[in-house]
2 protein chains.
Amino acid sequence: MRTVNPQRVENRRRQILDAARFCFEQKGFHATSMAEICARAEMSPGALYRYFSSKEEIIVAMSEETNFQAIDSLRTKTEDVKNGSNFLDAIHGLLTEIAATNFSKDQGALCAESISEAMRNIQFANAASIAYIEYQELFAQLLELGKNQGAIDEDQDTLELAAILMAIVDGMVLRMAFDSDFKSETAVKWIGNLFCRYLTSEAKDYVSNNFGKPICIVDFKNTRFPGGQFDE
Amino acid sequence: MRTVNPQRVENRRRQILDAARFCFEQKGFHATSMAEICARAEMSPGALYRYFSSKEEIIVAMSEETNFQAIDSLRTKTEDVKNGSNFLDAIHGLLTEIAATNFSKDQGALCAESISEAMRNIQFANAASIAYIEYQELFAQLLELGKNQGAIDEDQDTLELAAILMAIVDGMVLRMAFDSDFKSETAVKWIGNLFCRYLTSEAKDYVSNNFGKPICIVDFKNTRFPGGQFDE
DNA sequence: AATAAGAGAACGAACGTTCGCTTTTTTAAT
DNA sequence: ATTAAAAAAGCGAACGTTCGTTCTCTTATT
């Protein structure tokens with residue numbers, strides 16, 4: 001009597017999710033057929049359906065994975081600041097990371113389709129909604145730490161500010177999908193620029209004193225922001 | 001010998017586009033079947049296909065119509081400022097209009113799906129791209145007029161600023177689709193808030209002097225911005 | 001009479017999923 | 001160690017459904 005091998009199951013699921021992500025990024029959820037995922041995963045439909053019971057389940061699993069990674073990264077940053085790191089460093093690092101993983105045509109397209117999907121698919125919407133709220137609350141926590149360090153005005157509603165900044169990042173991501181002239185560097189520069197406009201005058205002074213540029217045109221990409229340069 | 005009646009053709013196309021828009025807003029492009037559009041337009045497939053040769057053609061036509069309307073509205077606003085209207089009034093009016101026509105769950109969903117569609121459908125992408133660039137250039141013109149009125153810093157790249165503001169509005173629209181707690185009023189308030197952060201100190205003084213609030217928490221919705229209140 | 005306009009059944013392709021069968025692997029008895 | 005049983009794993013053709021589109025026939029209009 002043969003028993004299931006959990007490790008093999010895990011490997012197979014990994015293989016399928018990787019294949020699915022590859023396809024979805026290039027063609028989107030609906031334009032990707034199961035046959036294409038099977039081909040990429042080097043697996044027959046019969047085999048694939050042993051590990052996921054539907055296409056929808058694959059979409060949801062892949063998205064949950066993405067969400068989890070984003071939240072995990074933000075959590076790390078927040079912990080760092082709790083443990084004494086500089087708030088502006090953390091923001092800078094976060095933005096760098098977001099730019100690296102999300103600021104591309106493919107990610108923009110996937111992001112757009114995820115939002116469409118959330119509108120039509122209740123299971124997907126729930127997963128996304130939970131992740132969104134968790135991210136927002138964590139981000140608000142980080143901004144709150146920014147307040148403690150005197151970088152953000154006391155009277156800002158950090159939860160709302162978090163939501164707005166997230167929406168802005170999304171807007172940039174989507175614009176990137178849509179307009180190939182809209183570059184990652186432009187988005188990073190402007191997110192830095194407008195974020196700086198929400199800094200306290202103390203935080204602005206700190207940046208100005210260190211880098212000798214008026215804060216209103218500070219450029220995360222081309223000036224040295226506390227914490228160093230963008231790689232590449 | 002019977003002749004084609006151009007008026008009837010126009011009416012029929014109108015009927016189809018209205019039906020399509022209704023369906024697309026609720027269910028999206030791909031989830032809406034031709035049968036549903038036919039039902040809503042009270043027309044058989046045979047009849048419908050006399051006026052549009054494919055579903056794609058309907059999608060493109062509907063989107064072009066939307067784009068044209070948005071551009072036309074912006075053009076009017078820009079002309080007004082050219083003819084001596086106050087720049088901040090125009091921005092306020094524009095935002096009011098955008099909020100009324102785009103800040104809803106359905107519009108957000110449609111916007112997301114349009115971006116997805118543009119990624120996969122070259123014809124759609126071209127139409128959207130042309131419209132986007134036209135909108136951006138017009139908006140930059142308007143911002144340039146804002147410079148002339150001393151409301152925006154001389155050294156701002158208005159074309160880039162236009163792109164960023166458009167991306168931000170898109171981000172809000174999409175967030176609204178996704179998160180039912182994210183209200184139109186919140187989006188309007190914050191767009192106003194952050195727009196104000198790009199105003200010159202003269203423009204800020206103008207707002208402060210008239211409304212006695214520090215510009216950094218100015219609220220387009222709850223304070224009287226030059227040009228009046230939001231309806232409803 | 002001629003043809004535009006419309007109706008609706010039917011077609012055909014695409015696609016997610018299933019099903020019957022084969023192969024591989026594990027287990028346990030010899 | 002060998003082997004046979006049992007079930008897991010895998011394969012791929014086929015199924016059933018959905019849906020965009022077409023085709024034929026009828027009706028309306030000039």
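Since the model is a prediction, treat every value here as computed from it, not as a measurement. So you know, we letter chains A, B, ... as the sequences are listed, proteins then strands, and number each from 1.
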Does the ring of A:F22 carry A:R40 above it, NZ/CZ under 6.0 angstrom from centre and within 45° of its axis?
yes
Using atom NE2 of A:H30 as one end and atom C1' of C:dG16 as the other, report the distance to the nearest whole Å.
13 Å
Tell me: CZ of B:F29 to P of D:dG20, nearest whole Å?
14 Å
Nearest-nucleotide 5' precedence on DNA chain C, B:M43 against A:A35:
B:M43
Does the side chain of A:N193 come under 3.5 Å of the side chain of B:Y198 through a donor N or O and an acceptor N or O?
yes
Have a look at B:S53 and say if it touches a base, only the backbone sugar-phosphate, or nothing, with a 4.0 Å heavy-atom cut-off.
nothing
State whether A:E65 and A:R14 are salt-bridged, where the test is any N-O pair (Lys NZ or Arg NE/NH1/NH2 against Asp/Glu carboxylate O) under 4.0 Å.
yes
Once you apply a heavy-atom cut-off of 4.0 Å, does B:Y51 come out as touching a base, just sugar-phosphate, or nothing?
sugar-phosphate
Is it true that atom CD of A:E79 has more than 12 heavy atoms of other residues, nucleotides or ligands lying nearer than 6.0 Å?
yes
To the side chain of B:V4, which of C:dA4, C:dG16, D:dG20 is closest?
C:dA4
Rounded to whole Å, how long is the line connecting atom CD1 of B:I16 with atom C1' of C:dA5?
12 Å
Using atom CD1 of B:I37 as one end and atom P of D:dT21 as the other, report the distance to the nearest whole Å.
10 Å
The nucleotide from C:dG8, D:dA9, D:dC11 with an atom nearest the side chain of A:A47 is D:dC11
side-chain N/O B:R12 vs C:dG6 OP1/OP2, d < 4.0 Å
yes
Once you round to the nearest 0.5 Å, how far does CH2 of A:W190 lie from CD1 of B:I168?
8.5 Å
Can you check the B:E42 CD to C:dG8 C1' distance for me, whole Å?
16 Å
Need to verify one output field. Residue with the more 5' nearest nucleotide on DNA chain D, B:N5 or B:T32?
B:T32
Using heavy atoms to find the nearest nucleotide of DNA chain D for B:R2 and B:G46 separately, return the residue whose nucleotide is more 5′.
B:G46
Take the protein atom CD of A:E57 and the nucleotide atom P of C:dG16, then report the distance between them rounded to whole Å.
15 Å
Side chain of B:P45: nearest nucleotide among C:dT25, C:dA5, D:dT21?
D:dT21
A:E36 CD - C:dC15 P separation (whole Å):
7 Å
Length of the line joining A:F52:CZ and C:dT18:P, which is rounded to integer Å:
15 Å
Do NZ/NE/NH1/NH2 and the carboxylate oxygens of B:K27 and B:E113 come within less than 4.0 Å?
no
Under 4.0 Å between a side-chain N or O of A:Y49 and OP1 or OP2 of C:dC19?
no
Side-chain N or O of A:R50 versus OP1/OP2 of C:dC19: is the shortest distance under 4.0 Å?
no
OP1, OP2 of C:dT27 versus side-chain N and O of A:T3: anything below 4.0 Å?
yes
Can you tell which of D:dA9, C:dA5, C:dG16 lies closest to the side chain of B:R8?
C:dA5
